[in-house]
Number of protein chains: 2
Amino acid sequence: MPRAGLDPAAVVAAGAALADEMGFGALTMGGLADRVGVRTPSLYKHVAGQEDLVRRIAALALEEAAQAVGTAIQGLSGRDALAAAAHAFRAYVLTHPGRYAATIGIEATGPDDSMAVAASRALDSFRAVLRGYDLPATDEDHALRTLRSALHGYATLQSAQGFRWSADVDESFEWLVDLLDRGLRGSAAPR
Amino acid sequence: MPRAGLDPAAVVAAGAALADEMGFGALTMGGLADRVGVRTPSLYKHVAGQEDLVRRIAALALEEAAQAVGTAIQGLSGRDALAAAAHAFRAYVLTHPGRYAATIGIEATGPDDSMAVAASRALDSFRAVLRGYDLPATDEDHALRTLRSALHGYATLQSAQGFRWSADVDESFEWLVDLLDRGLRGSAAPR
DNA sequence: ACCGGTTGGCTAATACCCTTAGCCTTCAGC
DNA sequence: GCTGAAGGCTAAGGGTATTAGCCAACCGGT
């Protein structure tokens with residue numbers, strides 16, 4: 001029996017792809033084994049178990065999302081940076097719904113966890129956006145959470161078909177970005 | 001063997017309570033059967049299966065959330081109504097994390113689905129909040145989605161322990177409400 | 001009071017799914 | 001070429017959702 005030439009990264013990548021295609025709920029060890037051409041127990045040579053797999057997929061997703069947002073805001077600031085970050089983030093979640101879903105409901109085991117590292121890299125990108133709005137230092141964490149909540153909420157609701165009625169989804173998203181921009185500008189430190 | 005006196009509503013209520021206590025992921029047919037004092041297969045006399053159970057729990061959660069928001073905003077308008085709605089919603093999600101978690105990742109089967117009905121009732125409550133901000137009619141759907149995204153995002157992230165770092169969660173939420181209020185006021189129709 | 005049908009329990013059995021144990025082949029380095 | 005680790009495999013066990021089929025309990029009318 002020839003070897004399949006797998007390694008952890010390949011298994012995780014295949015799992016992420018499978019989750020995107022079939023939905024995160026349909027991600028199964030058996031299905032993943034089929035996809036990479038191996039019997040189920042063999043996966044355990046590369047990954048400690050399903051929870052570990054999900055954790056790694058989540059780390060990958062956060063890494064990729066941070067990357068997407070980071071490059072999108074290059075050279076931009078203020079409203080432009082905000083809009084670019086928001087669009088990049090939403091586009092990432094919509095094209096990779098399965099792997100992004102892996103990130104919710106997972107807790108990092110510690111501060112050196114690869115997921116925690118990826119998450120803080122993602123936050124750094126958004127922090128860069130906020131730098132264009134000179135907020136009081138004490139407001140930065142609040143603004144970060146607000147930004148993350150709004151974008152996360154919109155992207156997950158849309159990807160779960162949560163917006164069933166009339167108005168155009170892209171138009172609504174522009175409106176959301178506008179509101180965030182106005183809100184952030186209104187919070188600027190008095191000078 | 002005496003009867004347990006169950007009906008669908010009792011099963012769903014017990015399932016929702018179990019999900020709140022143990023976490024949505026730990027909601028299992030066997031565990032629910034234990035809790036209501038019955039063997040697992042008997043549940044199928046009241047509920048079509050696990051998916052049906054989850055769907056009904058989700059509908060219940062949306063119904064209750066709509067109710068909570070609706071009564072919270074009675075007699076209020078503008079910023080007060082917004083703050084009351086936001087607090088009521090977040091409080092509901094935080095006290096009932098399990099049943100609210102049932103609402104994510106579920107699609108309504110059709111417009112007459114009980115979940116869809118409950119969802120639109122919840123939206124009506126938020127629509128009432130927006131009426132205090134006289135927005136242009138075309139912006140109402142956008143504002144509704146924005147509101148829902150921000151509140152849903154914040155509540156789910158917090159309930160999933162998504163906010164790990166320093167700043168106070170309640171303070172951040174106030175900040176979010178402030179930003180929404182400012183943003184909405186800035187979108188009022190010119191007169 | 002009975003009696004028949006429906007309702008709501010039950011046991012048994014099936015089909016997945018995740019995981020562990022233990023074996024055996026392949027491959028890389030010496 | 002040998003040897004040891006790495007990466008496949010089969011077999012087996014435990015958990016979960018679900019279905020089939022049986023039987024007792026309840027409710028109505030007579």
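So you know, we letter chains A, B, ... as the sequences are listed, proteins then strands, and number each from 1.
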**Prompt:** Touch check for A:G37, heavy atoms < 4.0 angstrom, all strands: base, sugar-phosphate only, or nothing?
**Reply:** nothing
**Message:** Tell me if the centroids of the rings in B:Y154 and B:F163 come within less than 6.0 Å of each other.
**Reply:** yes
**Request:** Check each residue of residues 39-50 of chain B for a non-hydrogen atom within less than 4.0 Å of any atom in DNA chain D, then write out the ones that pass by number, or none.
**Result:** B:T40, B:P41, B:Y44, B:G49, B:Q50
**Message:** Tell me the closest heavy-atom pair linking A:A83 and A:V177, and the distance in Å.
**Reply:** CA-CG1, 3.9 Å
**Asked** Nearest-Å distance, CG (A:L53) to C1' (C:dT19)?
**Response** 14 Å
**Message:** Is the ring pair B:F89/B:F126 parallel, tilted or perpendicular, if the boundaries are 30 and 60 degrees?
**Reply:** perpendicular
**Euclidean distance, atom CG of residue B:D52 to atom P of D:dT19 [Å, nearest integer]** = 12 Å
**Prompt:** Taking CG from B:D34 and P from D:dA17, how many angstroms apart are they, rounded to a whole number?
**Reply:** 11 Å
**Request:** Identify the heavy atoms of B:I57 and B:A102 that sit nearest to each other, and give their distance.
**Result:** CG2-CB, 3.9 Å
**Message:** According to side chain to side chain contact (heavy atoms under 4.5 Å, CB included), who are the partners of B:R35, at least two apart in sequence or on a separate chain?
**Reply:** B:A14, B:A17, B:L18, B:E21
**Message:** Please report the distance, rounded to the nearest Å, between CE in B:M29 and P in C:dC16.
**Reply:** 18 Å
**Request:** Identify the heavy atoms of B:L62 and B:T103 that sit nearest to each other, and give their distance.
**Result:** CG-CG2, 3.9 Å
**Request:** Report the relative orientation of the aromatic rings in A:H87 and A:F173; use parallel for angles under 30°, tilted for 30 to 60°, perpendicular for over 60°.
**Result:** perpendicular
**Item:** Phosphate OP1/OP2 of D:dG15: any B:T28 side-chain N/O under 4.0 Å
**Value:** no
**Request:** Check the pair A:D124, A:R127 against salt bridge (charged side-chain N to carboxylate O under 4.0 Å, His left out), reporting the backbone distance first and the verdict last.
**Result:** CA-CA 5 Å; A:D124 284 345; A:R127 227 183 279 274; 3.7 Å; yes
**Strand contacts (DNA chain D) in residues 14-26 of chain B, 4.0 angstrom heavy-atom criterion** = none
